[in-house]
There are 2 protein chains.
Amino acid sequence: MDGKLATPRPGEPKRTGTRIQKEKRAAILEAGLTVFAEAGFRGATLDRIAGEAGLSKPNLLYYYPSKEAIYDALLRDLLANWLDPLKCLDPEGEPVTELLAYVRRKLEMSRDFPRESRLFANEILSGAPEILPVLEGELRELVEKTALVIDGWVADGRLAPVDPRHLLFSIWAQTQHYADFDVQVRAVLGGPDFDGAARHLDLMFRRILEV
Amino acid sequence: MDGKLATPRPGEPKRTGTRIQKEKRAAILEAGLTVFAEAGFRGATLDRIAGEAGLSKPNLLYYYPSKEAIYDALLRDLLANWLDPLKCLDPEGEPVTELLAYVRRKLEMSRDFPRESRLFANEILSGAPEILPVLEGELRELVEKTALVIDGWVADGRLAPVDPRHLLFSIWAQTQHYADFDVQVRAVLGGPDFDGAARHLDLMFRRILEV
DNA sequence: TTGCAATTTGACCAAGTGGTCAAAACAACG
DNA sequence: CGTTGTTTTGACCACTTGGTCAAATTGCAA
């Protein structure tokens, strides 16, 4: 062929291609995640990503046409998983249980996917140039919807009164802190302490939320 | 002279020099804070810092010998102010009042010095290459000391039982969140909401801490 | 005013950057 | 085997980056 990778629909997520294409693209995203999470978009270099992925730079650019394409692909994948736990919150469930489960799930994500958390944090810290629309659109709507649910619970007397939006901020801040500030946590504690964090957050939010 | 800026003690903080030296150095730090906070160390460029400070690049390098020198100076200034509020926590005071005042103060710092908060966040996110020793040394000791105080309060029955270290993480995470994730907060809320945050945190920590 | 130190700058450099391209190497399949 | 399309690479390019330097300009005290 003419040297350009043949993708049926260039704009769409790249789930197509040969076995090699899938493997290499996965390796690139994996490496990109590591590098972007640590250095941010501007701080990351194609050379480092290529090295980390075990490819030469031109070879990397054969699979993704630019640095930004890799970054965008990562952010897109990320956001789907990121918003998911909040969607899982069940308006029919027991309020405190539902919220504690959400906290727990977010904390587990910080433990299991710290790079994703840091990638997100870096994007926000630098002003969210890429994902501001999503924040103002999808995320905002989701928060509003959840806020209504929580307000309902409070009105029914099944939850202690709280500002639902700031409550969500509290949950995000505290759970993501264990991924984003991992270095600091380890420095202060002398090592990671997932169980301690889980117990602490469970206790805290129980006291806050129980009527 | 020979073109090198004359500083009595090159390693020491630069409080010496002519009026112009003080002004320009302050302008550089100011600009550096803005740029480093937004882009991180690797993402920041001397050109942008110089531009923001209204200097040419060589002129900037006349006052600070390298990019890292500016960054280091900023981090050093930052850390002093950063640790200060925790030092102000009075072991003799009323436990809940003391801790709520600490929360409040940290929140005010996020409002008044958001760039400092983001600079710190960026440094930690990229693995704290510059300040890890401080975290493992001074910060850790300070936390240990404070943990003893809090444990004492709990033992005396003047505070509901909490893990003091994770409590500090909770406070840091939630207060700094309003600076570091400012973009997200605005996107979700449609604007900043310091008073709302202050009320929420006050309420939350009251519920957590009161016996 | 004059002289000297402090300050500022334009020109420059080596290294690193994102990205291109033609050609080579490889895989697959008849 | 040969052919055809896929994958990989070395060489290369324009641009940015952190940093240098000698020379020009400015501030200031005697």
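Proteins get letters first, then strands, A, B, ... in listed order; numbering begins at 1 in each. Just so it is clear, the structure is predicted and the values come from calculations on it, not from any experiment.
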(message) Taking atom types as they are modelled, would you say the side chain of B:Lys57 forms a donor-acceptor pair with the base of D:dG18 within the 3.5 Å cutoff?
(response) yes
(message) Using OP1 and OP2 only, check whether a side-chain N or O of A:Asn59 sits under 4.0 Å from D:dT7.
(response) no
(request) Give a yes or no on whether a salt bridge exists between B:Arg186 and B:Asp182, defined as a side-chain N under 4.0 angstrom from a carboxylate O. (result) yes
(message) Measuring to OP1 and OP2 of D:dT8, would you say a side-chain N or O of A:Tyr63 lies under 4.0 angstrom away?
(response) yes
(message) If you compare all heavy atoms of B:Leu159 against all heavy atoms of B:Leu99, which two are closest, and at what distance to 0.1 Å?
(response) CD2-CD1, 3.9 Å
(request) Give the rounded distance in Å between these two atoms: CG of B:Leu61 and P of D:dT17. (result) 14 Å
(request) Begin with the C-alpha distance, continue with both residues' side-chain angles, and end with the deciding distance and a verdict on side-chain contact (heavy atoms from CB on, under 4.5 Å) for A:Arg140 and A:Arg165. (result) CA-CA 10 Å; A:Arg140 188 174 179 172; A:Arg165 291 163 198 82; over 6 Å; no
(request) Could you grab the distance from atom CG of A:Leu89 to atom CG of A:Asp84, nearest 0.5 Å is fine? (result) 11.5 Å
(message) Of the options C:dG18, D:dG18, C:dA6, whose atoms approach the side-chain atoms of B:Thr45 most closely?
(response) D:dG18
(request) Rounded to the nearest angstrom, tell me the gap between atom CD in B:Glu68 and atom C1' in D:dG18. (result) 12 Å
(request) Would you mind reading off the distance between B:Asp47 atom CG and D:dC15 atom P, rounded to a whole angstrom? (result) 16 Å
(request) Verify the contact: side-chain N or O of A:Tyr62 to OP1 or OP2 of D:dT7, cut-off strictly under 4.0 Å; return yes or no. (result) yes
(request) Starting from P on C:dT7, measure out to OH on B:Tyr64 and report it in whole angstrom. (result) 13 Å
(message) Expressed as a whole number of angstroms, how long is the span from A:Leu46:CG to D:dT8:C1'?
(response) 17 Å
(request) Measure the distance from CD on A:Glu23 to C1' on D:dT7 and round it to the nearest whole Å. (result) 13 Å
(request) Could you tell me whether A:Ala50 contacts a base, only the sugar-phosphate backbone, or nothing, with contacts defined as non-hydrogen atoms closer than 4.0 Å? (result) nothing
(request) Using whole Å, report how far NZ of B:Lys24 lies from P of D:dG27. (result) 9 Å
(message) I need the CG-C1' distance between B:Leu60 and D:dT20, as an integer number of Å.
(response) 14 Å
(message) Checking contacts here: which listed nucleotide (C:dA6, D:dG10, D:dT6) is nearest the side-chain heavy atoms of A:Gln21?
(response) D:dT6
(message) Need to verify one output field. Residue with the more 5' nearest nucleotide on DNA chain D, A:Leu55 or A:Arg42?
(response) A:Leu55
(request) Indicate yes or no: does B:Glu108 engage B:Arg104 in a salt bridge with an N to O separation below 4.0 Å. (result) yes
(message) So, OP1 or OP2 of D:dT8: does either fall under 4.0 Å of a side-chain N or O from A:Ser56?
(response) no
